[in-house]
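A short worksheet on the structure shown next.
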Amino acid sequence: MRGRSSDPALRKAPTKESRRCHPSGGGRRSAEARVATGRAYSLEGRAGNRPGGGRPVARGKPSSGFGAPPQLTPTRGKFVADTCGRLAPAGPSRSSLRSGRRPSSGELRAAMPGAGSRGPTAGDGRLRLARLALVLLGWVSASAPSSSVPSSSTSPAAFLASGSVQPPPAERCPAACECSEAARTVKCVNRNLMEVPADLPSYVRNLFITGNQMTVLPAGAFARRPPLADLATLNLSGNHLKEVCAGAFEHLPGLRHLDLSHNPLTNLSAFAFAGSNASVSAPSSLEELFLNHIVPPEDQRQNGSFEGMVAFEGMVAAALRSGFALQGLQRLELASNHFLYLPRDLLAQLPSLSHLDLRNNSLVSLTYASFRNLTHLESLHLEDNALKVLHNSTLAEWQGLPRVKVYLDNNPWVCDCYIADLVTWLKETEVVPDKAKLTCAFPEKMRNRGLLELNSSDLDCDALLPPSLQTSYVFLGIVLALIGAIFLLVLYLNRKGIKKWMHNIRDACRDHMEGYHYRYEINADPRLTNLSSNSDV
């Protein structure tokens with residue numbers, strides 16, 4: 001037990017004097033222990049009075065610096081303070097108390113309150129009693145077994161030793177960035193950086209590198225020593241990135257959210273999210289991937305406009321279905337990318353997807369897209385596209401998903417006989433929350449009518465074109481008919497001249513053919529050939 005001596009001789013009933021010196025636990029100290037401690041102070045005081053004997057006593061006011069021993073007011077008992085702030089007599093008794101051995105009889109007599117002093121005052125006695133109590137507590141703590149002292153009662157020396165250990169130096173923030181260690185966030189915004197800073201602090205959890213001039217994100221762009229193991233959110237939007245190489249995010253094991261939006265990507269590697277080799281690399285930890293408005297300008301696309309869009313869609317699809325890297329992806333945003341269609345098997349390797357955003361594209365059909373394996377899909381955004389009709393196969397797949405909500409607002413629906421299945425499905429399902437907002441765009445007589453208001457008698461396949469376009473075609477036909485009539489009139493008015501011109505051509509051709517026939521006959525008869533030669537001579 002703490003503060004209790006192991007010597008049976010010292011475990012006696014508490015006295016009145018011990019209760020006065022140690023109100024909180026002085027009753028546990030025996031009279032013999034108090035006498036022994038008093039003698040120790042008396043001996044120390046005598047040694048201090050001898051020339052050259054004992055240790056000089058510090059004089060002056062107590063120091064306020066942490067770790068420095070407090071200075072004591074000079075007294076006759078010659079007390080000093082150790083490095084932890086405990087009062088202890090100067091000289092050999094200090095080491096004996098630290099070692100835990102019992103003081104000698106001479107030291108006990110010298111430590112009595114009246115030893116070495118003449119006519120002590122009442123205040124001086126009380127001060128000595130207080131110092132005696134502090135020294136006795138230190139000696140008992142040093143002599144008690146280490147196993148009996150609980151971990152919460154750490155000695156002042158151990159506390160001072162632990163306080164002297166300096167904390168690790170704070171990590172340096174990159175010169176072009178702003179860092180907050182408390183929020184574990186680093187922001188490098190609009191700094192015209194050409195590459196990822198090399199001296200990112202290892203504590204970073206949220207990293208924003210936006211509005212810079214980086215064009216290429218090479219492999220191992222975030223490889224650091226120590227690694228950025230806690231980085232969870234990475235925003236690289238608006239950096240003019242054109243190429244993302246394989247393994248660019250390979251050294252970010254804790255990455256959860258990645259934003260590459262507003263970068264004109266012309267080369268997105270198929271292994272950008274899967275490492276340099278998708279067949280051997282571990283699945284990515286990505287949960288949210290933002291690829292909004294990553295389509296390059298028309299002049300930077302390969303093979304022209306339409307072919308370039310097809311190549312761009314295939315590039316994005318290859319990056320999303322490479323191996324099993326994105327098996328845990330839950331949110332995917334592909335808005336504002338001018339997609340004309342969804343490539344086949346685009347979503348085949350994303351079984352955990354719960355949110356898919358395809359708004360503000362140019363999708364005209366979902367024929368090749370398959371949603372059958374997206375059993376966790378909860379929201380599908382298809383607003384602001386070019387959808388005119390949806391087929392039964394797509395509607396059946398949506399109806400089979402248990403939690404999905406599909407948003408179809410702001411699409412140019414053509415209300416003809418081919419949309420009858422969609423209208424019937426909308427009236428029966430709750431999958432489309434905004435179905436009351438869906439309106440017809442064509443034909444003109446059906447414009448702005450709600451799809452839920454249509455009946456089967458309203459849907460026909462006649463006059464599908466708008467009136468303005470119909471008028472244009474009629475006008476074009478009239479113009480072509482007038483041109484043909486004028487041409488026939490010119491031929492009729494010049495019929496005689498045309499007939500004479502045709503006869504002249506016929507005569508010229510006949511004379512030309514007769515000349516060829518005459519030469520052929522001469523060349524075929526040998527006699528005529530010799531006659532022709534002699535006449536020439």
Side-chain angles (χ1 to χ4, degrees), residues 295 297-299 301-313 336-343 359-369 382-395 408-426 437-506 509:
V295 59
E298 187 174 347
D299 56 347
R301 300 175 196 166
Q302 300 176 357
N303 304 324
S305 178
F306 179 76
E307 294 82 359
M309 278 305 307
V310 173
F312 171 74
E313 293 168 1
S336 304
N337 284 314
H338 300 173
F339 284 162
L340 299 174
Y341 72 100
L342 292 181
R359 73 184 80 192
N360 198 26
N361 282 285
S362 301
L363 295 173
V364 297
S365 176
L366 300 177
T367 304
Y368 301 107
L382 292 168
E383 304 101 310
D384 300 294
N385 278 279
L387 296 173
K388 297 177 176 60
V389 67
L390 294 174
H391 299 288
N392 285 333
S393 58
T394 303
L395 301 179
L408 298 171
D409 195 16
N410 293 333
N411 281 283
W413 304 106
V414 178
C415 296
D416 58 3
C417 57
Y418 299 104
I419 205 173
D421 294 334
L422 175 60
V423 173
T424 304
W425 180 76
L426 288 175
K437 300 179 182 179
L438 306 184
T439 58
C440 300
F442 302 107
E444 181 64 24
K445 65 178 182 179
M446 307 287 290
R447 186 184 296 273
N448 295 328
R449 280 191 65 177
L451 267 61
L452 297 180
E453 302 174 0
L454 300 179
N455 298 319
S456 58
S457 58
D458 300 327
L459 303 175
D460 54 42
C461 292
D462 298 331
L464 297 181
L465 296 175
S468 59
L469 191 57
Q470 296 177 18
T471 304
S472 300
Y473 281 128
V474 172
F475 180 74
L476 180 61
I478 294 173
V479 171
L480 293 176
L482 289 176
I483 293 174
I486 293 173
F487 179 73
L488 293 175
L489 181 61
V490 171
L491 292 178
Y492 177 75
L493 295 176
N494 293 280
R495 62 187 182 279
K496 293 183 179 179
I498 293 174
K499 185 177 181 180
K500 184 179 179 180
W501 176 70
M502 292 179 68
H503 288 165
N504 291 337
I505 292 177
R506 185 189 63 183
C509 291

Practice prompt. State, without any angle test, whether Asn360 and Ser336 hold a side-chain donor-acceptor pair at a distance under 3.5 Å.
Written response: yes
Discussion item. Test your reading of the model: is there a side-chain donor-acceptor pair from Asp458 to the backbone of Asn455, 3.5 Å cut-off?
Written reply: yes
Worksheet item: Where do Met309 and His338 come nearest, in terms of heavy atoms and distance?
Response: CE-O, 2.9 Å
Discussion item. Using only atom types and a distance under 3.5 Å, with no angle test, would you say the side chain of Glu313 pairs donor to acceptor with the backbone of Leu340?
Written reply: yes
Worksheet entry | Gap between atom CG of Leu408 and atom CG of Leu422 - 0.5 Å precision | 7.5 Å
Worksheet item: CG of Leu488 to CG of Leu493: how many Å apart, nearest 0.5 Å?
Response: 11.0 Å
Response to the item:
For Val295 and Asn337 the tightest heavy-atom approach is N-OD1, 3.4 Å
Worksheet item: Taking the six-membered ring for Trp, are Phe312 and Phe339 parallel (under 30°), tilted (30 to 60°) or perpendicular (over 60°)?
Response: tilted
Item to complete: Check His391 against Thr367 and note the closest heavy-atom contact, atom names and distance.
Response: CD2-OG1, 4.0 Å
Worksheet item: Closest heavy-atom contact between Ala386 and Pro412?
Response: CA-CD, 3.8 Å
Worksheet item: Just checking, is any N or O donor in the side chain of Asn410 or Asp384 under 3.5 Å from an acceptor N or O on the other one?
Response: yes
Worksheet item: At what distance, to the nearest 0.5 angstrom, does CZ of Phe442 lie from CG of Asp416?
Response: 11.5 Å
Discussion item. Could you go through Phe487 and Ile483, starting from their C-alpha distance and side-chain angles, then the distance that decides it, and tell me whether this counts as side-chain contact (heavy atoms from CB on, under 4.5 Å)?
Written reply: CA-CA 6 Å; Phe487 179 73; Ile483 293 174; 5.7 Å; no
Worksheet item: Do you know which two heavy atoms are closest between Leu451 and Cys415, and how far apart they sit?
Response: CD1-SG, 4.2 Å
Worksheet item: Hey, does the side chain of Asp421 reach the backbone of Ile419 with a donor-acceptor pair shorter than 3.5 angstrom?
Response: no
Worksheet item: Going through the checks in order, is the side-chain contact (heavy atoms from CB on, under 4.5 Å) test met by Lys388 and Trp413?
Response: CA-CA 4 Å; Lys388 297 177 176 60; Trp413 304 106; 5.6 Å; no
Fill in: Backbone of Leu363 reached by a side-chain donor or acceptor of Asn411 within 3.5 Å
no
Discussion item. Among Leu342, Asn385, Leu395, which residue satisfies the side-chain contact (heavy atoms from CB on, under 4.5 Å) criterion with Leu366?
Written reply: Leu342
Worksheet item: Are Ile505 and Trp501 close enough that some pair of their side-chain heavy atoms sits under 4.5 Å apart?
Response: yes
Fill in: Option passing side-chain contact (heavy atoms from CB on, under 4.5 Å) with Lys499 (candidates Met502, His503, Lys496)
His503
Item to complete: Go through Trp425 and Asn392 one step at a time and tell me if the side-chain contact (heavy atoms from CB on, under 4.5 Å) criterion holds.
Response: CA-CA 9 Å; Trp425 180 76; Asn392 285 333; over 6 Å; no
